[in-house]
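All values below were derived from every heavy atom in this structure, side-chain atoms included, with hydrogens, water molecules and symmetry-related copies excluded. Along the sequence shown, the residues carry numbers beginning at 1.
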Amino acid sequence: MAGALAPAPAAQARDTGPRPADCPAGLPAGAACWTGTDANGAHYAIAVPERWNGGLVVHAHGGPDLGDASDPARSVEDLGRWRVMVDQGYAWAGSSYRRGGYGTRMAAADTENVRRLFVEEFGEPRRTYVHGQSWGGDVAAKVVETYAGKAGPYDGALLTNGVLGGGSRGYDYRVDLRVVYQYYCANLPRPEEPQYPLWQGLRRGSTLTSAGLRARLQECTGYASPPGERTALQQRNLDDILNVTGIPERTLESHLRFSVFTFRDIVHERLGGRNPFSNRGVRYSGSHDDTALNAGVERFSADPAAVRDLSYDSDLTGRVAIPVLTLHATDDPTAFVEHEAAYRDTLRGAGRDRWLVQTFTGEHEHSALSDAEYATSIAALDRWARTGQRPTPRSVAASCPAFDEVYGTGCFYDPGFRPAPYASRVRPRPGGTSWPAMTAAQEKAWSRVPGVGIAP
């Protein structure tokens, strides 16, 4: 795969068309693979199984990755990761997106573009489904709302462990982590370093690396050390940060990285230095001294225009007209399962919840779930799209053991689970408990504003 994954020379970086490539390990024997670069510079990968069932799964990956350009390896890696779709007989197409950094509508456009490229090369599939994982769940949900009307090219959507609360509210727990961490640790920035408001994530021009961030987190909390090797202050800092934010210890570092590096990308690179985040009116609790915490934590209010632009880019209206099936681990430590409650309330607020079926599993991971469950999910979605018979969480769970006979990865469905409201897990900002976070009317009005949103 070295040739397929090597960056193309600058003169050939655009619109190369699909080229035959070695398939990632694990794809079914006889599958054929292609890679290419679209007219916007987005690398993509395509696979067609030898025994193609005529269906297509268009994949939207998570992240966002923060490189400046499209990553030629990303879509190929994702093809290997979700090879279960090809194993089930579906063709697969995924874009690496035209650049790194935040941009949900951009990623949705690149996802739609790779579908069109597939059609140009291989013809119209019998049925087309969009699949999104993590932030890609938000991207795929945006694809559904933007390109998948009743007469559109998509027949259904599968959203797995999705960040379905949207950007204007979906990162509030990371806003809280950013300020609570700094209150206890005071090392990001240190007192002797240039100061900046914490909503920036990190000041423009900072040379801090992920390794440097880990070192500061370790210095303050000892999170990477066994409990017996932490100082009393480190343990108290760690306990307070986790108890106040509700973030699991095992993903503390990754959440902090997002609140530093991805926030910097959102603020400085996408919103022109404007602040889309707020923690005014939030009362923090769960520490050893809540009064001191609330008196000392940094406070800030969002720029309304920045909120509008982030909301327009990434929030969901709930205007859905095709079957949408979600799959979410109840103990997802990254995209908390309460994101599903936000999405449920979004579609309900738009009067479209008849198009939604949500399923949950007792798993504890974010980045990957059981292959048997992925196979079960795409089969249930396909049956719904073909027959019009809406599945139930119990009927989906009941069909999993047959797939597990093939994959042996387990069926962990919990058909009776129902997530608590989003505000039960993430402290709402004033006025932030009604859904959708962006109505269809707001989206329509904002779309008429020159320069609204986040540029591709």
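Of the possible donor and acceptor atoms, none in the side chain of Arg204 sits under 3.5 Å from a partner among the backbone N and O of Leu202. Between the side chain of Ser134 and the main chain of Gly62, no donor-acceptor pair closer than 3.5 Å is present. Of the possible polar contacts, one joining the Glu145 side chain to the Thr317 backbone as a donor-acceptor pair under 3.5 Å is found.
Under 3.5 Å, the side chains of Ser168 and Asp315 contain a donor-acceptor pair of N or O atoms. Judged by distance alone, the side chains of Tyr44 and Asp38 never bring a donor and an acceptor atom under 3.5 Å apart. Side-chain contact annotation: Thr160 with His131, donor-acceptor N/O pair under 3.5 Å present.
Using a 4.5 Å heavy-atom threshold, the side chains of His339 and Thr326 count as separate. Glu340 is listed as a side-chain neighbour of Leu164, based on a closest heavy-atom distance under 4.5 Å. Ile247 has its side chain within reach of Phe336: a pair of non-hydrogen atoms, C-beta onward, lies under 4.5 Å apart. Within the 4.5 Å cutoff, the side chain of Ser434 has no heavy atoms near those of the Asp345 side chain. For the pair Val144 and Leu159, the minimum side-chain heavy-atom distance is 4.5 Å or more. A heavy-atom distance below 4.5 Å is found between the side chains of Leu198 and Pro189.
Look at Arg425 and Asp172 and you find no salt bridge, because none of the NZ, NE, NH1 or NH2 atoms lies under 4.0 Å from a carboxylate O. Classification of Glu253 and Arg257 as a salt-bridged pair holds, one side-chain N sitting under 4.0 Å from a carboxylate O. A salt bridge links Arg250 to Asp331: at least one charged side-chain nitrogen sits closer than 4.0 Å to a carboxylate oxygen. A salt bridge links Glu112 with Arg116: at least one charged nitrogen is closer than 4.0 Å to a carboxylate oxygen.
The aromatic rings of Tyr184 and His288 are tilted relative to each other, their planes meeting at an angle between 30° and 60°. Between Tyr173 and His255, the ring planes lie perpendicular to each other; the angle is over 60°, past the 30° to 60° tilted range.
Tyr97 does not carry Arg74 over the face of its six-membered ring by the limits of under 6.0 Å from the centre and within 45° of the normal. In this structure, Arg270 is not positioned above the aromatic face of Tyr102 in the sense of NZ or CZ being under 6.0 Å from the six-membered ring centre and within 45° of the axis. Judged by the 6.0 Å and 45° rule, Arg178 forms no cation-pi pair with Phe277.
The number of heavy-atom neighbours closer than 6.0 Å to CG of Asp68, taken from other residues, nucleotides and ligands shown, is 12 or below.
Checking each of Gln182, Glu219, Arg216 against Asn187 for a side-chain hydrogen bond (donor to acceptor under 3.5 Å, both in side chains) leaves exactly one that passes, namely Glu219.
Aromatic ring centroids of Trp34 and Phe122 lie under 6.0 Å apart.
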